[in-house]
Amino acid sequence: MKRTAVPSILVAVILLAFAVITEAQQPKKMPRIGYLSLASQPGLREEAFIQGLRDLGWVDGQSISIEYRWAAGNVDRLPALAEELVRLKVDLIVAGATPAIQAAKNATSTIPIVMPSAADPVGTGLVASLARPGGNITGMSHMHPDLAGKRLELLRELIPKLSRVAFLAYGRGSGHQPFVKEAQDAAESFRV
């Protein structure tokens, strides 16, 4: 009995060791980041993104894979590009402008979306609130609509006889609408 048990145990140990070695040799799934941009090519923002990842030990092509999708200034292309990233089953989507974030949000409710900056994520309906965004979107908001009125107030203090001001905004970008409204409201109160 002992003679047959020893070879069986030895074979089991060898098979277990072989399984562990084989598993260790399997390539690990490389995390994939989808990068959705309204731009047409990489710029300073993308360089900072790559450097930030590199500083944390994540290198494109080595420890992660980044799938870039460029809309080349065409907002109408964003939904198809976002859907393409979803079909690729990326692990995360980075979307850098309000229209890109909206396209990513419309394309998926399960893949995490990171917004490096958004004009007014609450006002545009991207998140429920800054404290509790809910859903699958997180990130930063870089401006608040109420600052448009404050800027006009400061301009009025600098130039007391100011009577006309032009406020330029990208008309198709829903993130700019709250700024325009706040500036118009402030202009009326200052009689500008």
Side-chain angles (χ1 to χ4, degrees), residues 26-148 167-183:
Q26 296 297 321
K28 292 183 179 180
K29 180 184 176 268
M30 188 179 299
R32 290 175 28 167
I33 297 173
Y35 192 94
L36 182 61
S37 177
L38 190 54
S40 57
Q41 61 186 9
L44 294 176
R45 178 182 288 194
E46 289 74 24
E47 288 177 25
F49 173 68
I50 296 297
Q51 185 59 51
L53 288 171
R54 196 173 289 133
D55 292 346
L56 295 170
W58 298 97
V59 178
D60 188 18
Q62 294 177 10
S63 53
I64 58 167
S65 172
I66 303 175
E67 297 287 338
Y68 293 97
R69 296 298 178 270
W70 309 100
N74 186 347
V75 175
D76 296 333
R77 291 188 63 209
L78 289 169
L81 295 173
E83 289 169 11
E84 186 178 336
L85 290 173
V86 171
R87 279 193 304 277
L88 289 173
K89 297 182 180 174
V90 295
D91 298 296
L92 172 79
I93 296 174
V94 176
T98 301
I101 302 163
Q102 188 65 57
K105 179 182 180 181
N106 293 343
T108 181
S109 61
T110 56
I111 298 173
I113 300 168
V114 176
M115 52 183 183
S117 63
D120 183 14
V122 176
T124 56
L126 294 172
V127 297
S129 75
L130 294 179
R132 295 193 187 336
N136 60 325
I137 300 177
T138 190
M140 297 179 3
S141 174
H142 66 280
M143 298 176 94
H144 302 281
D146 56 338
L147 292 179
F167 189 92
L168 302 177
Y170 179 59
R172 294 178 62 193
S174 60
H176 298 286
Q177 293 166 357
F179 295 102
V180 173
K181 182 179 179 342
E182 180 64 30

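Quantities reported herein were computed from a predicted structural model and do not represent experimental measurements.
Atom CD1 of residue I113 and atom CG of residue L92 lie 9.0 Å apart, to the nearest 0.5 angstrom. To the nearest 0.5 Å, the span separating OG on S65 from CG on D60 amounts to 6.0 Å. Atoms CD1 and CG, from I101 and L78 in turn, are 10.5 Å apart once rounded to the nearest 0.5 Å. Separating the CD1 atom in I64 from the CZ atom in R32 is a distance of 12.0 Å, to the nearest 0.5 Å. Atom OG of S40 is separated from atom CH2 of W70 by 8.0 Å, given to the nearest 0.5 angstrom. Between the CD atom in Q41 and the OH atom in Y68 there is a gap of 13.0 Å [rounded to 0.5 Å].
With contacts defined as side-chain heavy-atom distances shorter than 4.5 Å, the pair V114/I93 does not qualify. By the 4.5 Å heavy-atom criterion applied to side chains, I66 and L53 are counted as neighbours. For the pair E83/R87, a side-chain contact is recorded, criterion being any heavy-atom separation below 4.5 Å from C-beta on.
Remark: side-chain polar atoms of S141 are paired, donor with acceptor, to backbone N or O of A118 under 3.5 angstrom. Looking only at distances, no side-chain donor or acceptor of D91 sits under 3.5 Å from a matching main-chain atom of P31. Distance alone, capped at 3.5 Å, places no donor-acceptor pair between the R45 side chain and the P116 backbone.
Nearest heavy-atom pair across V75 and P99 is CG1-CB, 4.1 Å. Heavy-atom minimum distance, I33 versus V94: CG2-CG2, 3.9 Å. Between A128 and V122 the shortest heavy-atom distance is O-CG1, 3.8 Å. Between L36 and A100, the closest heavy-atom pair is CD2-O, 3.4 Å.
Checked options R69, E46, E67; the residue passing with Y35 is E46 (criterion: side chain to side chain contact (heavy atoms under 4.5 Å, CB included)).
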TODO: Report the C-alpha separation of Q102 and T98 in whole Å, then their side-chain angles, then the decisive distance to 0.1 Å, and conclude whether the side-chain contact (heavy atoms from CB on, under 4.5 Å) test is met.
DONE: CA-CA 6 Å; Q102 188 65 57; T98 301; 5.5 Å; no
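Annotation: L56, atom CG; neighbour count of heavy atoms from other residues, nucleotides and ligands within 6.0 Å is above 12.
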